[in-house]
Structures are given as C-alpha cells and as structure tokens.
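Note sheet for the following structure.
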Amino acid sequence: MQPYELSLAAAADAIRSRRLSPVELVDSVLERIDSVEPHLGAYVTVTAERARRAAGEAEHEVAHGRYRGPLHGIPMGLKDLIDVDGMATTAGSRVRADHRATADSTVAARLGAAGAVLLGKTHTHEFAFGLTTPQTRNAWDRGRVAGGSSGGSAVAVASGTATFALGTDTGGSIRVPAALNGVVGLKPTYGLVPRHGVTSLSWSLDHVGPITRTVEDAALVLGALAGHDPRDPASLSVPATDYRPGAGTDLTGLRIGLPRTYYFDNVDPNVESAVRQAVGQLEALGARLVEVDIPMTRYIQATLWGLLLPEAGAYHESSLRTVPELYQEDVRILLEASELMNAVDHVRAQRARTLMRAEWAELLDRVDVIAAPSVPVPAVGAGQATVGWPDGTVESVSDAYVRLCAPANITGVPALTVPVGHDPAGMPIGMQLLGRPLGECTLLRVGHAYEQTQPARQPATAA
C-alpha cells in the first residue's frame, strides 16, 4: 500500500509512531496528484512547495517530541470558498478572480494549528450555487458528474490526492459529491463549525464540514474544527467533545428510523436496494428499526428555495448589477430569479422552517437516527439535464440531488453520508444518517459500526 492510500487515522498512527514521516506522506500524495489530477480536475491550484515546507516542519516537530495530534503532517485540500491568508479565494468565479485573502478563515487557522498540511484549493461550483461542479470529473468515471458544490474536495479524497478535505453544505453540497464519489461526508449541526472567512451562499443554511475516506477520519477532523467563534453570529458555544466513535459495533438498543415517506419516493432501485441492505446490517448489529413518516414533505423544496434565493441574492446584489457578465449562466439565472421573490415569500419560508424544526425535534425524540438514501440516483453523465422516474415525473439533476439533502439544511440537524456499495455500472451509492442537533457522536458511532462490517475502501481509479 502506498502512503497516499492510507486513511487519515492510519497515517496519523504511522506518523505518531514514526513509521511514516510527513514528508513521505506528502510526497506520495503530490506524486498521485501529478499522475491523476490532469484527468480529474479536482484542484484550482496545488501549492506543492508550500506543502513540502510544511511537511518538513511537521517531520522536525514530530522527531523532537512536539507531536500536535492526529492531523499533524496530514495533507488536506480546502474548498475554494475558504480563506487562507495570502491565497486566492475565487469561489470558482470570474467575479472573484482578483480576490486574495488577508487572513485565515477560522477553520483554516484551526487545521493549521493542528498541524495539517495544505495541498491547495479544490474546485467548487461557482459560489457553491450548483450540484455538479462542472470543472471536475467523477473519480470513478470521468464521463460522469462529480457532484457539487464541493466536487473538487470529494474527488480529491476519493482519488487519493488528499487525505481529507473540507467542503461546504447549503443544500447537500458536502453529502452529494461524497455520495457520488464513494467517500464519507459530514454536515455538522448548524453552528457547530464556525464559518468566519468562508464565502457565503445562504447564511442561514451554510455549513462547513469534512470529506474523508472513513467515518473515523471524519470524527478526527470534526474534533479540530468544532468550537465557538464569536465572529460567526450563528456559532454555538458547546463543550469540547471527543467525536471518535470507538472500536465497538454493538448497536443494541439504538432506534433507527426508516422513512415510509419522502426518502424512498422516486429513488433508483439500485440505490434503494443498497440502502435497505445497509439498514439491515445495522439491524444485525443490534439496532431496532422503527418506521417513521417525514413531516411537512410537500413544503421541503419550497422552504429551501424560499430561504436560499433571497439570501444569495442579497449577497450578490452589488456584483450582479455591476458585472453580471462575469457569472456563469446557470448561476446568474438563479441569482436574477432571487430578485423576483418578495418579502412575504421569504417570511413564509422562515415560518415553515420554524414549524419543520419543531416537527423534526418530535420525530427525533422517537428515534435516535434516521437512515435513508443520500441522493436518489448515482452520478449521472456529464451534461445530463434531467432525471426521469417510472411514474412519469421528470426533475432537473440539481433538484434530484438536493431533494433528499434539503431537510437537514432547513432544520440544521447533523447528517452523515457513508458509502454502501455500487450500482451495476460501478458507481458509488451513499446512505445518509440524520440525527438530533449536536448528535454527531451517535451518527459517527452508527456510521463507523456499519463501516467495520465492510471491506476497506481503496482510492478510485477512474484516472
């Protein structure tokens, strides 16, 4: 096994015990980037020399007994919405072509303090306003979409060109590309991870979280990211937590909610089969299955867009009026549509969110975790515009990918996507686990328990 193939946890253990040096690990990942990045397009920019210098410093510190913890010397990618002092943050847009950060974002600073090594910035759908990331190809099949908007981060992790990466999630933008590329993606509880220094799409829906190879890896990264920052008005003040799930797989007594409604409506049969098999595995580990009805399903999509569009439109108001030609057409159309919404519609969406949060709180009093598909269909072909269903329904690819992720953004509950197999074409399928606010430990425990029953995953080989 090459160093770039190691999970974060395995690499950290090897670095801590000095069986692997950060320089060896980073060199291996950079060589992997040289080999596959031209075919995949995960990165906006690769900062190889910066990474080698940081790896050398980490190696020196470890050798002299100054080991900082499990992220020390671990190579990572950051979505191109996340500020790093002195580096460009373009948000995937010509609008921001000349923007250069003058300070670290909170998450970049925390990862730097933990000793993580920055490899570069990863591609995003322009301003995170899309679900495909057209600059990037799927790690399993270059003819298919990567998912978005954190497509670059997911493909980097899936292909072995980063040991972990950060993404953002406003309507599924961590979970969608993670599911489509066969890796783990965690959208934490709203406010658990500060967003200071991260370009916003919709401030009441935006989340920052990790994309990793394993659930344990996600727990290790979350431990470095979580914590209050007064510069983010939504940031929660909660005690420091060890999110690592432990080695056990016994889920006896845990109640898994299996939706009767919404999450299995208009879902590819291969996706449904894989997720139900995975839920069966959780039951075999001792969990008790409880059928549940998802509340207010007819309002989910309207509520998401009723919140997102006005907030995105307000953020982009000035540049949309002065340099509209610099936006990609798909994003410009959505931003122009935001100006057609009135205040009454936005207030209705906020009221619906309040009701939905209350209904979900009641639902999550009856079960510990909800298990469902992450997305209704595996990665579609690049350029495909719609998805058709047996009942005659046709929806856009973006609507299909956001549909099952939206509830967690509206309610702010944590959501974890875990790979649960592949369809007959070899494309990954993800299972989504949703839990109570600040219930990340339970989600990670369940995801890790399932993962321990499966063969170890290797980097994708589409390149």
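Start at 1 with the first residue, then count along the sequence.
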Worksheet item: Can you name the closest pair of heavy atoms from I211 and S153 and give their distance?
Response: CD1-CB, 3.9 Å
Worksheet entry | From CA spacing to verdict: side-chain contact (heavy atoms from CB on, under 4.5 Å), R144, N181 | CA-CA 10 Å; R144 297 178 186 251; N181 288 278; over 6 Å; no
Discussion item. How long is the straight-line distance from CG of L340 back to CG of L309, given to the nearest 0.5 Å?
Written reply: 9.5 Å
Discussion item. Is it the case that the side chain of R68 and the backbone of A113 share a donor-acceptor pair, with hydrogens and angles ignored and the cut-off at 3.5 Å?
Written reply: yes
Fill in: Closest non-hydrogen atom pair between A162 and G77, with its separation
CB-N, 4.0 Å
Practice prompt. State, to 0.1 Å, how close L180 and W140 come at their nearest heavy-atom pair, and which atoms those are.
Written response: O-CD1, 4.5 Å
Worksheet item: Cut-off 3.5 Å, side chains only: do E311 and S204 have a donor facing an acceptor?
Response: yes
Discussion item. Looking at E216 and P245, would you say the former's side chain and the latter's main chain have a donor-acceptor pair under 3.5 Å?
Written reply: no
Worksheet entry | Y299 atom OH, neighbour heavy-atom count above 12 within 6.0 Å | no
Worksheet entry | Side-chain donor/acceptor of H123 to backbone N/O of Y43, under 3.5 Å | yes
Practice prompt. Starting from the C-alpha separation in whole Å, work towards a yes-or-no answer on salt bridge (charged side-chain N to carboxylate O under 4.0 Å, His left out) for R32 and E37.
Written response: CA-CA 8 Å; R32 178 68 170 171; E37 173 59 17; over 6 Å; no
Fill in: Note, V221 side chain near T212 side chain (heavy atom, < 4.5 Å)
yes
Item to complete: State whether a side-chain donor-acceptor pair under 3.5 Å links S396 with S398.
Response: no
Fill in: G143 backbone acceptor or donor facing R137 side chain under 3.5 Å
no
Worksheet item: With a 4.5 Å heavy-atom cut-off, do L225 and T106 have their side chains touching?
Response: no
Worksheet item: Is there a side-chain contact between H207 and I174 (heavy atoms, below 4.5 Å)?
Response: no
Worksheet entry | salt bridge (charged side-chain N to carboxylate O under 4.0 Å, His left out) assessment of R357 paired with E362 | CA-CA 9 Å; R357 283 176 171 168; E362 183 178 331; over 6 Å; no
Item to complete: Could you tell me whether R96 and E126 make a salt bridge, using a distance below 4.0 angstrom between a side-chain N and a carboxylate O?
Response: no
Practice prompt. Any chance you could measure I74, atom CD1, to T163, atom OG1, to the nearest 0.5 Å?
Written response: 6.0 Å
Worksheet entry | R244 atom CZ: more than 12 heavy-atom contacts under 6.0 Å | no
Discussion item. Show, in sequence, the C-alpha distance, side-chain angles and deciding distance for T122 and K79, and conclude whether the side chain to side chain donor-acceptor pair (under 3.5 Å) test is met.
Written reply: CA-CA 5 Å; T122 57; K79 185 177 183 178; over 6 Å; no
Worksheet item: Got more than 12 heavy atoms from elsewhere within 6.0 Å of CZ, R94?
Response: yes
Worksheet item: Strictly by modelled atom types, are S235 and H228 linked by a side-chain donor-acceptor pair under 3.5 Å?
Response: yes
Item to complete: Classify the ring geometry between Y327 and F127 as parallel (under 30°), tilted (30 to 60°) or perpendicular (over 60°).
Response: tilted
Discussion item. With a 4.5 Å cut-off on side-chain heavy atoms, are L307 and H346 touching?
Written reply: yes
Discussion item. Quick one: does any side-chain atom of S105 pair with a main-chain N or O of A108 as donor and acceptor, under 3.5 Å?
Written reply: yes
Worksheet item: Roughly how far, to the nearest 0.5 Å, is the CE atom of M296 from the OG1 atom of T411?
Response: 11.5 Å
Worksheet item: Can you find a pair of side-chain heavy atoms, one from Y243 and one from V215, that are under 4.5 Å apart?
Response: no
Practice prompt. Is it possible for you to check whether R276 lies under 6.0 Å from the centre of the six-membered ring of F264, through NZ or CZ, and within 45° of that ring's axis?
Written response: yes
Item to complete: Start with the C-alpha distance between L166 and M76, add both sets of side-chain angles, then the distance that settles side-chain contact (heavy atoms from CB on, under 4.5 Å), and finish with yes or no.
Response: CA-CA 8 Å; L166 293 195; M76 65 167 178; 5.8 Å; no
Fill in: D232 side chain to R195 backbone, donor-acceptor under 3.5 Å
yes
Worksheet entry | Where Y401 and A379 come nearest, the two heavy atoms and their spacing | OH-CA, 3.4 Å
Worksheet entry | Check: V95 main-chain N/O paired with S93 side-chain donor or acceptor under 3.5 Å | yes
Worksheet item: Tell me, do N266 and D391 make a side-chain contact under 4.5 Å, heavy atoms counted?
Response: yes
Practice prompt. Drop me the distance from T124's OG1 to L78's CG, to the nearest 0.5 angstrom.
Written response: 12.5 Å
Item to complete: For the residue pair P177 and V155, establish whether any side-chain heavy-atom pair is separated by less than 4.5 Å.
Response: no
Practice prompt. State plainly whether the residues R332 and E325 are in salt-bridge range, i.e. N to O under 4.0 Å.
Written response: no
Only distances under 3.5 Å count here; give the side-chain donor-acceptor pairs of residues 413-437 to other protein atoms, sequence neighbours excluded, each with its distance to 0.1 Å.
{"residue": "T417", "atom": "OG1", "partner": "S374", "partner atom": "OG", "Å": "2.6"}
{"residue": "D423", "atom": "OD1", "partner": "A425", "partner atom": "N", "Å": "2.9"}
{"residue": "D423", "atom": "OD1", "partner": "G426", "partner atom": "N", "Å": "3.0"}
{"residue": "D423", "atom": "OD1", "partner": "M427", "partner atom": "N", "Å": "2.8"}
{"residue": "Q432", "atom": "OE1", "partner": "R175", "partner atom": "NH1", "Å": "2.7"}
{"residue": "Q432", "atom": "NE2", "partner": "P373", "partner atom": "O", "Å": "3.2"}
{"residue": "Q432", "atom": "NE2", "partner": "L404", "partner atom": "O", "Å": "3.2"}
{"residue": "R436", "atom": "NE", "partner": "L364", "partner atom": "O", "Å": "2.6"}
{"residue": "R436", "atom": "NH2", "partner": "L364", "partner atom": "O", "Å": "3.0"}
{"residue": "R436", "atom": "NH2", "partner": "V367", "partner atom": "O", "Å": "3.2"}
{"residue": "R436", "atom": "NH2", "partner": "D368", "partner atom": "OD1", "Å": "3.3"}

Worksheet entry | Under 3.5 Å donor-acceptor, T261 side chain and I294 backbone | yes
Worksheet item: Passes side-chain contact (heavy atoms from CB on, under 4.5 Å), L308 versus F129? Steps please.
Response: CA-CA 10 Å; L308 192 158; F129 212 166; 3.4 Å; yes
Worksheet item: Should L304 and V402 count as side-chain neighbours, where that means a heavy-atom distance under 4.5 Å?
Response: yes
Worksheet entry | Backbone N/O of T133 and side chain of H125: donor-acceptor pair under 3.5 Å | yes
Worksheet item: For E329 and I333, what are the C-alpha separation, side-chain angles and deciding distance, and is it a side-chain contact (heavy atoms from CB on, under 4.5 Å)?
Response: CA-CA 6 Å; E329 184 180 12; I333 289 171; 3.7 Å; yes
Discussion item. As an exercise, state the distance from CG of D206 to CH2 of W203, rounded to the nearest 0.5 Å.
Written reply: 9.5 Å
Worksheet entry | Distance-only polar pair, side chains of S150 and S173, donor-acceptor under 3.5 Å | no
Discussion item. Salt bridge (charged side-chain N to carboxylate O under 4.0 Å, His left out) for D80 and K121? Distances and angles first, verdict last.
Written reply: CA-CA 5 Å; D80 191 25; K121 293 289 193 76; 3.8 Å; yes
Practice prompt. Might you confirm whether atom CG of D365 has over 12 heavy atoms from other residues, nucleotides or ligands at distances under 6.0 Å?
Written response: yes
Practice prompt. Determine the minimum heavy-atom distance between T136 and G41, stating which atoms define it.
Written response: OG1-O, 2.7 Å
Worksheet item: When you measure from the side chain of D345 to the backbone N and O of M341, does any donor-acceptor pair fall under 3.5 Å?
Response: no
Practice prompt. For T386 and E395, test the side chains for any donor-to-acceptor distance below 3.5 angstrom and give the result as yes or no.
Written response: no
Discussion item. With rounding to the nearest 0.5 angstrom, report the CG to CG distance, N138 to L40.
Written reply: 8.5 Å
Discussion item. Whether the T214 and D217 side chains hold a donor-acceptor pair (N or O, under 3.5 Å, no angle test) is what I'd like checked.
Written reply: yes
